[in-house]
Each structure stands twice: as C-alpha cells, then as structure tokens.
Amino acid sequence: LGKVDEQDSNESPFAAQATWQYGLNNYVSLYSGATGFDHYQSALVGAGLNTFFGAFALDITQSRFNFDNQENHGQGYRLTYNRTLPLSQTSFWLEGKFNAKNFFGQRDAFEQQDSGSEYAVLREKQSWSLSLSQPFQDGWGSLNISGSINKYWEQQDSYRQYSVGYSNNWGNLNWTLSVQRLWNEDEYGGVTKDDQVA
C-alpha cells in the first residue's frame, strides 16, 4: 500500500498491490496478483510447471482503466521458459508477451492519467526476450548474453536490444565489462543505432 510520489507528476493516487503463490507439489505452482489505483485495476492468474526439459509458466492479466470517461478493458498474456543445464550450469531464460490493444499496465495507466493525453504513452504490443548465463570454472568469471525485441501499439517501429557482458573478480574487487546495442527500425526501413560500452 502506498501513495505515488514522483517529481514533476501532477497525480498522487493511492495505490495497492497484492500477490499470492502456492506450490501444489514439486512440479506445479499457482500464482496470482492484483494491483491498482482509483481509475485503474488489474488482476493476474498464472501457473508454473517444472519438467525434465525445464520450467514453463503462463499467466494472463486482465486490466480495467477509466480514462476521460471511457472504459478500457484488455488482456495481457505472458509465457516464460527457463532451464539450467546440470553439467555446464548454463542457464537459459525466454519470455514472450502479447498485450491486447486496450490493455494497460499500471505504469501505462498512471503516465497516461498524469499527462491527460492518450497519445503520451507507448503501450507495448508484443515482446520477446532471451538471456543466457554461463559461469566458468573458479577464477574464470561468467558470461552473460541477452536480447529483446519490442513492438508497440499505434507505431510500426521495431525496437531491439542486444548486450554481452563478462564478470569476474580480482581479490575483493568485482568488475564487469559490457557492450550493448539499441536498434530502432522505423516503418520506412530507417535504422537508428546506439552503442554503449560500460
């Protein structure tokens, strides 16, 4: 429970969030949640399944947002998969999401209500995310690779992000080297790139 307090914000609604998780056994888990403020509410139900081939989870979120005296009802779907290979300790994580046109996440709803304009917020239509983590033998650190593709409603642009990072330690000093590329391709084929090294 809490009150939103953000700099440069015109709104300070009282917001609440609750979650619930329950493991039926070593293979199946159920989870649910709800969140909202005065003009926005959403509820989620999902289940996770652990198998020999990895862990799968699927959840559905139903949202309701009253903006400018208009009710918006929509659904968001998310599927995740992860697995760690026992011998190499390689970890994979994959996530796919699809949101209906009238679906609003809590952040989407807050920013749109705060701005007062339905065109101020880019709402995600679909996304795919993948990450891989590979630890090496003692003293050799670990390698992390990730990537994502995002598309938004009312926009034809495609946003992509790729990153590679290597971490290790030297005595008591932990250090990481990472390279990231942000890639934006518009509906006319124009490409904007932004590279970062940290």
Side-chain angles (χ1 to χ4, degrees), residues 1-6 9-86 89-115 118 120-133 144 146-155 159 161 163:
L1 305 174
K3 189 175 182 181
V4 178
D5 181 16
E6 291 192 359
S9 173
N10 300 316
E11 300 279 341
S12 297
F14 185 82
Q17 178 175 311
T19 60
W20 174 84
Q21 297 175 325
Y22 183 74
L24 295 177
N25 50 47
N26 288 340
Y27 303 100
V28 179
S29 294
L30 306 178
Y31 56 98
S32 181
T35 185
F37 52 88
D38 50 359
H39 295 295
Y40 172 83
Q41 298 84 38
S42 68
L44 174 150
V45 292
L49 175 65
N50 190 26
T51 73
F52 174 80
F53 302 101
F56 300 85
L58 174 66
D59 54 65
I60 302 173
T61 303
Q62 174 72 43
S63 72
R64 171 193 170 274
F65 179 41
N66 188 334
F67 178 74
D68 199 20
N69 294 320
Q70 181 177 346
E71 290 274 353
N72 295 277
H73 296 267
Q75 298 81 35
Y77 305 88
R78 181 178 61 167
L79 175 66
T80 62
Y81 167 77
N82 66 79
R83 185 184 185 191
T84 299
L85 301 179
Q89 291 301 300
T90 306
S91 296
F92 300 92
W93 180 80
L94 176 66
E95 178 188 69
K97 293 193 294 184
F98 176 79
N99 297 326
K101 190 171 184 178
N102 289 328
F103 174 83
F104 283 80
Q106 179 170 283
R107 188 72 204 176
D108 301 331
F110 172 74
E111 291 183 357
Q112 183 161 313
Q113 179 172 295
D114 186 57
S115 67
E118 61 179 306
V121 179
L122 282 178
R123 289 182 295 113
E124 192 174 73
K125 179 180 181 180
Q126 63 185 38
S127 70
W128 292 96
S129 302
L130 171 69
S131 68
L132 180 149
S133 177
N144 296 279
S146 65
S148 63
I149 300 175
N150 301 73
K151 290 191 175 184
Y152 297 86
W153 286 105
E154 310 297 346
Q155 191 178 65
Y159 295 86
Q161 177 177 314
S163 65

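Index from 1, following the sequence.
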Chemist: Below 4.0 angstrom, N of the basic side chain to O of the carboxylate: do E154 and R123 qualify?
Modeler: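 R123 and E154: not salt-bridged.
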Chemist: Say whether T35 and Q106, considering side chains only, have a donor N or O and an acceptor N or O under 3.5 Å apart.
Modeler: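 Side chains of T35 and Q106: pair found under 3.5 Å.
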Chemist: Going by atom types only, do E124 and N150 share a side-chain donor-acceptor pair under 3.5 Å?
Modeler: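 Present: a donor and an acceptor within the cut-off.
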Chemist: Yes or no on side chain to side chain donor-acceptor pair (under 3.5 Å) for E95 and T80, after CA distance, side-chain angles and deciding distance?
Modeler: CA-CA 4 Å; E95 178 188 69; T80 62; over 6 Å; no
Chemist: Would you mind reporting whether T84 and T90 have side-chain heavy atoms less than 4.5 Å apart?
Modeler: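 Heavy-atom side-chain distance check fails, nothing below 4.5 Å.
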Chemist: Could you tell me if the side chain of Y77 sits less than 4.5 Å from the side chain of L79, heavy atoms only?
Modeler: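 Answer no - side chains too far apart.
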Chemist: Whether the side chain of S63 engages the backbone of F104 through a donor-acceptor N/O pair (distance < 3.5 Å, no angle test) should be reported.
Modeler: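 Checked: pair present.
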Chemist: Report yes if the distance between the aromatic ring centroids of F103 and F65 is under 6.0 Å, otherwise no.
Modeler: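 No, they do not, as the ring centres are separated by 6.0 Å or more.
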Chemist: Looking at R78 and D59, what are the two nearest heavy atoms and their distance?
Modeler: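 Looking at all heavy atoms of both residues, the shortest contact is NH2-OD2, 2.8 Å.
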Chemist: Report yes or no: do S42 and T61 form a side-chain donor-acceptor pair below 3.5 Å?
Modeler: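 No pair is found: no donor N or O on one side chain lies under 3.5 Å from an acceptor on the other.
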Chemist: Under 4.5 Å between any side-chain heavy atoms of L122 and W153, yes or no?
Modeler: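 Counting from C-beta outward, L122 and W153 never come under 4.5 Å.
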Chemist: Tell me, do W93 and Y81 make a side-chain contact under 4.5 Å, heavy atoms counted?
Modeler: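 Counting from C-beta outward, W93 and Y81 never come under 4.5 Å.
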